[in-house]
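So the structure is just underneath, and the comments pick up after that.
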Amino acid sequence: MLVSPSLLSADFSNLSKDIEMINSSGADYLHLDIMDGVFVPNISFGFPVIESVSKICNKPLDVHLMIVEPQKWIDRVKTTGAEIMNVHLEACLHLDRTINAIKDAGMKAGVTLNPATPVSLLVDIIEELDLVLLMSVNPGFGGQSFIKNTLKKVKELKKLRDNSGSKAIIEVDGGVNEETGKLLAEEGADMLVAGNYVFKSENPLKRIEILKNI
């Protein structure tokens, strides 16, 4: 299982310590949530923080834009050194154009779906995607409970992906722990985003190892 710990749950009074932990862990990516207080009811951090993190993090950056008009920020995300740029289907009026612009910028293109957004809306774009992120909580805040309907959506997405010939990674974010991680893996998830489960534990390295071995 691929693991992408979420910086949103890290200790922002001592980020370098948590980044050092990530560097020494088996994590595959570092997940970065940018929130604008418009698309979601919260504000997290912006590009200066990501650029600082990128200088000391040796894991690829998985940047998730929970913002309106994400297409305006493709070039800026690219300058952070991000490997993946994730945009919400609900925030993109011209999704195909945005996906192609992300790929033209040299990044992997991901599309995120909110809990109430059906997987079927990806049928005409799935072959273009490198990654699909399913939110298993309502976006905007960390520490929420896992929405069980996500399991059905993962199964549906895997079927859509496999039938289309797409190579998109299936990523899930929200309420991920050892128990929910196993259930998601059984339905076909490829990558797990975990915030509190990793950063709020006494042994975050062990928690990452647990998820890796699911």
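Put simply, the side chain of Cys57 reaches to within 4.5 Å of the side chain of Asn23, judged on heavy atoms. Side-chain contact check for Leu184 versus Leu151: some heavy-atom pair is nearer than 4.5 Å. With contacts defined as side-chain heavy-atom distances shorter than 4.5 Å, the pair Ile84/Asp130 does not qualify. Side-chain contact check for Pro60 versus Tyr29: some heavy-atom pair is nearer than 4.5 Å. For the pair Glu179 and Phe146, the minimum side-chain heavy-atom distance is 4.5 Å or more. Contact check for Val53 versus Thr80: no side-chain heavy atoms found under the 4.5 Å cut-off. When side chains are defined from C-beta on, Thr112 counts as touching Met135, because their heavy atoms get closer than 4.5 Å. Side-chain atoms of Ser136 and Thr180, non-hydrogen and from C-beta on, never get closer than 4.5 Å to each other.
In summary, the side chains of Ser201 and Asn203 do not present any donor paired with an acceptor at a separation below 3.5 Å, with no hydrogens or angles considered. Side chains of Asp104 and Asn100: a donor-acceptor N/O pair is absent below 3.5 angstrom, by distance only.
Applying the 6.0 Å contact sphere to NZ of Lys155 captures no more than 12 heavy atoms from other residues, nucleotides or ligands. The environment of Asn14 atom CG is dense: over 12 non-hydrogen atoms of other residues, nucleotides or ligands sit within 6.0 angstrom. Within 6.0 Å of CZ in Arg76 there are more than 12 heavy atoms belonging to other residues, nucleotides or ligands.
Here the straight-line distance linking atom CD1 of Ile170 with atom CG of Leu2 works out to 12.0 Å at 0.5 Å rounding. In this structure, the separation between NE2 on His31 and CD1 on Ile22 is 12.5 Å, given to the nearest 0.5 Å. Atom CD1 of Ile102 and atom CH2 of Trp73 lie 14.5 Å apart (nearest 0.5 Å). Atom CD1 in Ile208 sits 12.0 Å away from atom CG in Asn213 (nearest 0.5 Å). Taken to the nearest 0.5 Å, the CE atom of Met191 stands 3.5 Å off from the CD atom of Glu171. Between the CG atom in Asn86 and the CE atom in Met107 there is a gap of 11.0 Å [rounded to 0.5 Å].
Remark: Lys212 engages Asp28 in a salt bridge, criterion side-chain N to carboxylate O under 4.0 Å. In summary, Glu51 and Lys55 do not engage in a salt bridge, as defined by a charged side-chain N under 4.0 Å from a carboxylate O.
For Val193 against Ser6, the heavy-atom pair with the smallest separation is CG1-CB, 3.8 Å. Taking each heavy atom of Phe199 and Met21 in turn, the nearest pair found is CE2-CE, 3.7 Å. Scanning all heavy atoms of the two residues, the minimum distance from Ala82 to Val63 falls at CB-CG2, 3.6 Å. Across Ser24 and Leu205, no two heavy atoms sit closer than the pair OG-CD2, 3.9 Å. In plain terms, the two heavy atoms of Cys92 and Pro70 that are nearest each other are SG-CG, 3.7 Å. A pairwise comparison of heavy atoms in Pro5 and Val198 identifies CB-CG1, 4.5 Å as the closest pair.
The backbone N or O of Ala27 lies less than 3.5 Å from a partner atom in the side chain of Lys59, making a donor-acceptor pair. Ser166 contributes a side-chain N or O that, together with a main-chain N or O of Ile126, makes up a donor-acceptor pair within less than 3.5 Å. A donor-acceptor pair under 3.5 Å is formed between the side chain of Lys200 and the backbone N or O of Ser9. Glu90 contributes a side-chain N or O that, together with a main-chain N or O of Asn114, makes up a donor-acceptor pair within less than 3.5 Å.
Following chains of ILVMFWY side-chain contacts shorter than 4.5 Å, one can reach Ile74 starting from Phe47, so the two form part of one hydrophobic cluster. Leu8 and Val38 fall within a single hydrophobic cluster, where Ile, Leu, Val, Met, Phe, Trp and Tyr are joined by side-chain heavy atoms under 4.5 Å apart, directly or via other members. Under the 4.5 Å side-chain heavy-atom criterion for grouping Ile, Leu, Val, Met, Phe, Trp and Tyr, Val119 is not connected to Ile147 through any hydrophobic cluster. A chain of hydrophobic side-chain contacts below 4.5 Å, direct or via other Ile, Leu, Val, Met, Phe, Trp or Tyr residues, connects Val111 to Val68. Taking hydrophobic clusters as Ile, Leu, Val, Met, Phe, Trp and Tyr residues chained together by side-chain heavy-atom distances below 4.5 Å, Phe12 shares a cluster with Met35.
Of the candidates Lys158, Lys167, Arg161, Arg161 is the only one forming a salt bridge (charged side-chain N to carboxylate O under 4.0 Å, His left out) with Asp190.
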Open item on the list: Let's go through Ile214 and Leu192 carefully: what are the C-alpha distance in whole Å and the side-chain angles of both, what is the deciding distance for side chain to side chain contact (heavy atoms under 4.5 Å, CB included) to 0.1 Å, and is it a yes or a no?
Closed with: CA-CA 10 Å; Ile214 284 177; Leu192 301 176; 4.3 Å; yes

Task: CA sep, side-chain torsions, deciding dist, call: Leu32, Ile34, side chain to side chain contact (heavy atoms under 4.5 Å, CB included) - done: CA-CA 6 Å; Leu32 301 161; Ile34 301 181; 5.6 Å; no

TODO: Using the side chain to side chain contact (heavy atoms under 4.5 Å, CB included) rule, take Asp173 and Asp33 through it: C-alpha gap first, then chi angles, then the decisive distance, then the call.
DONE: CA-CA 11 Å; Asp173 181 5; Asp33 292 305; 4.1 Å; yes

Task: Steps toward salt bridge (Lys or Arg N to Asp or Glu O under 4.0 Å) verdict (Glu178, Lys182) - done: CA-CA 6 Å; Glu178 182 177 5; Lys182 288 179 179 178; 3.5 Å; yes

- [ ] Check the pair Lys72 / Ile67 against side chain to side chain contact (heavy atoms under 4.5 Å, CB included), numbers first and verdict last.
- [x] CA-CA 10 Å; Lys72 292 183 176 180; Ile67 66 175; over 6 Å; no

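Taking the six-membered ring for Trp and thresholds of 30 and 60 degrees, His88 and His64 have nearly parallel ring planes, at less than 30 degrees apart.
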